[in-house]
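What you see is a predicted model; the values in this text were computed from it and never measured.
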Amino acid sequence: MIGLAMALTVFHSCKPKGVQSAVSGDSAVKAYVPPGKYDEFYNFVSGGFSGQMSVYGLPSGRLFRVIPVFSVDPEKGYGYSEESKPMLNTSHGFIPWDDLHHPALSVTDGIHDGRWAFGNANNTPRIARIDLKTFRTAEIIEIPNSGGNHSSPFVTENTEYVVAGTRFSVPMGDKVDVPISTYKENFRGTVSFISVNKESGRLGIAFQILLPGINFDLARAGKGKSHGWFFFSCYNSERANTLLEVNASQKDKDFVMAVNWKKAEEYVKAGKGMKKSVKYAHNVYNESTHTATSTIENEVLVLDPKDCPDMVYFMPCPKSPHGCDTDPSGEYIVGSGKLAAVIPVFSFTKIQEAIQSKNFEGDYEGIPVLKYDAVLHGEVKKPGLGPLHTEFDANGNAYTSFFVSSEIVKWRLSDLQVLDRVPTYYSIGHLCVPGGPTKKPWGKYVIAYNKITKDRYLPTGPELTQSAQLYSIDGDKMKLLLDFPTIGEPHYGEAIPAELLVKNSTKIYKLEDNKNPYLTAGEKNARVERKGNEVHVYMTSIRSHFNPDNIEGIKLNDVVYFHVTNLEQDWDVPHGFAVKGANNAELLIMPGETQTLLWRPDKIGVHPMYCTDFCSALHQEMQGYIRVSPAGSNIPLTFSTGKTTKE
Ligand code: RUQ
Ligand code: CUA
């Protein structure tokens, strides 16, 4: 039981001293962005169990947008419109929610290129690609042979791959209905390399690597000199299947796994991969049809390290490693054992030497284990309690978050000396230095993404707001500048200079490029068509009316599709659309876009519909009526706009 007692004590986080301490001196000025002025950075922050990603400005902490990714969003009609529903399709069918932990921004030559953000779904393993021109989810791919997709998504130096490691090992293949107690013999883990098309960004699972049944926690790509390698933290090398808080904390050391993915590519080329039959959904949003399609794929290529020597190595890492971060040069790999008293820093050069000279302490399930001392650059001594994650600045410094002691600790990579520490309020998880995971950190700030905010804000019932904190790292000492509440759990975030995105931001969808099959090209084409009990309303919206806005001849048991085309060609003029009693969300239609709302009228009568987004001085006038008659009625189908009422 010692293990349990220890685990429990360690995981109780501490409230830092001086919780009430306010920002000092000129700090407020540093976070102040005057009205009408733009922020310097965008901060893309995952929403954890909200399944979404939100976008804040830095240094102000102002919230700009919540990007729906894995969860439906009635505000935007995401997952409710017919066009967007396929985005949330999976091999289990439509899933309205997931748990998004880590955003990752695309890079070219290891530097932010401002093209895409990626996010992971933990629960039903998926990776999403978000287009940074539109701030919309463009693609979602499901990952087979995986459970808990936590170690994900992380990108290689030129976004060749976005990589995902399974958190849960699971039985796979033909033998999946097995007793859980046969974990050691039947459960296996995988890591997946998902290729990203250079031009379109289109995703495809290039290959998976089959691994022993351990848990993969986090990962980072090598870069610079370690480009071509990938590093994953692993826990539960005990391979326990119950009460992991005790049973997966037995061993003194777990592993960081090093994967030579260039080597893996050679094995794929040489035909060493096995095709495994699986089932996974691949969903793509088409920008010209404004419609998502979902395809079920049936095969994945799997490499087994047994057949592929020199591809995978393990390095011992103290006590349940969590974060696994590579520094801007690619030389250092920082493991953070959440139960460890030191931070081990591995050296890529030494890893290569140890591999060359076969300096192994043995093997784990057939995979060579390198000697700890042989690959270690050194340990940061007495850094704090419960190290989780590390980010870097451009000056050779590292910033590590400490969950238990609630602080950020700055230390130097070269000599591993601790330079500074600041409390967070409190129980920080991830942290972010703008560009911190890239070859070119932009620096300036570190943001703490915290788990607890007691004492920081006005109470809001049993659950308090989630929150992040901004610190300046310009000087020798880190300085608290700002607290800012967040949407969902601010699990992790990446920040990118605003100028990299602003110039490419989409303003409208061009009507002439609209290839939606239900487009209504101009008001003169507005119409209503019946096909059996299906009614298709080809509707337009423009300030400040719908065409048609009076419809009669709809009957009970009809299935009505409102295909609404927003004819506006001006920036920031969406129109909304909602019908009384629809078991659905609104549509929010961008300029030049067509979106479809499905309505099954369930009551006889006249049903109001209206525009939900305040679009002009006469927005409140943007409304209409739909008459629903009994199933057998012979009221003809008619529609109009601007026909005056009978006196
Ligand atoms: S993990 S709090 Cu889900 Cu990113 Cu470390
Ligand atoms: Cu259109 Cu309000």
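A salt bridge does not link Arg167 to Asp217: none of the charged side-chain nitrogens sits closer than 4.0 Å to a carboxylate oxygen. Salt bridge Asp254/Lys319: absent, no basic N to carboxylate O contact under 4.0 Å. Checked for salt-bridge contact, Glu407 and Arg421 meet the test: a charged N lies under 4.0 Å from a carboxylate O.
Side-chain contact between Tyr509 and Thr134 is present, with at least one heavy-atom pair separated by less than 4.5 Å. Looking at Ile428 and Lys451, their side chains never come closer than 4.5 Å, going by heavy atoms from C-beta outward. With contacts defined as side-chain heavy-atom distances shorter than 4.5 Å, the pair Phe216/Met257 qualifies. In this structure, the side chains of Asn149 and Ile127 come closer than 4.5 Å at one or more pairs of heavy atoms. Taking the side chain as every heavy atom from C-beta outward, Val45 and Tyr449 approach each other to under 4.5 Å. Phe118 has its side chain out of reach of Val163: every pair of non-hydrogen atoms, C-beta onward, lies at least 4.5 Å apart.
You'll find the ring centres of Trp261 and Tyr161 inside the 6.0 Å limit. Taking the six-membered ring wherever Trp is involved, the centroid distance between the rings of His102 and Phe154 falls below 6.0 Å. For Phe346 and Phe348, the gap between ring centers reaches or exceeds 6.0 Å. In this structure, the ring of Phe484 has its center less than 6.0 angstrom from the ring center of Tyr56. Residues His377 and Tyr332 bring their aromatic ring centres within 6.0 Å.
Cation-pi check for Lys37 over Tyr32 is not met; the charged atom does not lie both under 6.0 angstrom from the ring centroid and within 45 degrees of its normal. Cation-pi geometry between Arg65 and Phe135 is not met: the NZ or CZ atom fails to fall both under 6.0 Å from the ring centre and inside 45° of the normal.
Within a 6.0 Å sphere centred on NZ of Lys382, heavy atoms belonging to other residues, nucleotides or ligands number 12 at most. Around the NZ atom of Lys133, the shell of radius 6.0 Å holds no more than 12 heavy atoms that belong to other residues, nucleotides or ligands.
Atom CG in Leu100 sits 8.5 Å away from atom OG in Ser71 (nearest 0.5 Å). Distance check: Ser46 OG to Asn122 CG gives 9.5 Å after rounding to the nearest 0.5 Å. Note that the CZ atom of Phe231 and the CE atom of Met315 stand 6.0 Å from one another [nearest 0.5 Å]. How far CG of Asn43 is from CE of Met53: 11.0 Å, rounded to the nearest 0.5 Å. If you take CG on Asp325 and CZ on Phe392, they are separated by 5.5 Å, rounding to the nearest 0.5 Å. Going from atom CZ of Arg412 over to atom CG of Asp420 covers 12.0 Å, rounded to the nearest 0.5 Å.
Side-chain N or O atoms of Asn450 include none that pairs as donor or acceptor with a backbone N or O of Ile452 at under 3.5 Å.
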Would Glu463 and Lys454 satisfy salt bridge (charged side-chain N to carboxylate O under 4.0 Å, His left out), going step by step from the backbone distance to the final call? CA-CA 10 Å; Glu463 193 194 8; Lys454 272 178 208 159; over 6 Å; no

Using the side chain to side chain contact (heavy atoms under 4.5 Å, CB included) rule, take Lys444 and Glu40 through it: C-alpha gap first, then chi angles, then the decisive distance, then the call. CA-CA 11 Å; Lys444 226 166 159 174; Glu40 189 182 351; 3.2 Å; yes

Yes or no on side chain to side chain contact (heavy atoms under 4.5 Å, CB included) for Thr424 and Tyr471, after CA distance, side-chain angles and deciding distance? CA-CA 10 Å; Thr424 58; Tyr471 298 79; 3.5 Å; yes

Tell me, with the steps shown, if Ser54 and Ile67 meet side chain to side chain contact (heavy atoms under 4.5 Å, CB included). CA-CA 6 Å; Ser54 43; Ile67 303 172; over 6 Å; no

Is there a side-chain hydrogen bond (donor to acceptor under 3.5 Å, both in side chains) between Glu494 and His112 once you walk through the steps? CA-CA 10 Å; Glu494 270 206 57; His112 282 156; 2.7 Å; yes

Check against side-chain hydrogen bond (donor to acceptor under 3.5 Å, both in side chains), Gln466 and Thr486: CA-CA 5 Å; Gln466 305 271 346; Thr486 62; 5.5 Å; no

What's the verdict on salt bridge (charged side-chain N to carboxylate O under 4.0 Å, His left out) for Glu379 and Lys381, showing C-alpha distance, side-chain angles and the deciding distance? CA-CA 6 Å; Glu379 292 171 340; Lys381 306 281 188 208; 2.8 Å; yes

Would Arg136 and Asp131 count as a salt bridge (charged side-chain N to carboxylate O under 4.0 Å, His left out) if you check the C-alpha gap in whole Å, the side-chain angles of each, and the deciding distance to 0.1 Å? CA-CA 6 Å; Arg136 286 175 140 196; Asp131 189 331; over 6 Å; no

Criterion side chain to side chain contact (heavy atoms under 4.5 Å, CB included) on Val69 and Met87, from CA distance to verdict: CA-CA 9 Å; Val69 185; Met87 289 303 281; over 6 Å; no

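Taking all atoms of both residues into account, the shortest heavy-atom contact from Arg115 to Glu199 is NH2-O, 3.0 Å. Residues Trp442 and Ala495 come closest through the heavy atom pair CD1-O, 4.1 Å. The two residues Lys76 and Pro68 have their closest heavy-atom pair at CD-CD, 3.7 Å. Here the closest heavy-atom approach between residue His322 and residue His150 is recorded as CE1-CE1, 4.2 Å.
Side-chain N/O atoms of Ser329 and Asp327 include a donor and acceptor closer than 3.5 Å. Side-chain contact, Glu160 with Asn158: a donor N or O sits under 3.5 Å from an acceptor N or O. With no hydrogens or angles considered, no side-chain donor-acceptor pair links Tyr425 and Asp483 at under 3.5 Å. The closest side-chain donor-acceptor pair between Ser200 and Asn197 falls under 3.5 angstrom. Tyr457 and Ser467 form a side-chain donor-acceptor contact under 3.5 Å, judged by distance and modelled atom types alone.
In terms of the salt bridge (charged side-chain N to carboxylate O under 4.0 Å, His left out) criterion, Asp476 has no residue partners (sequence neighbours excluded).
Between Glu331 and the options Lys350, Lys223, Lys225, a salt bridge (Lys or Arg N to Asp or Glu O under 4.0 Å) holds for only Lys225.
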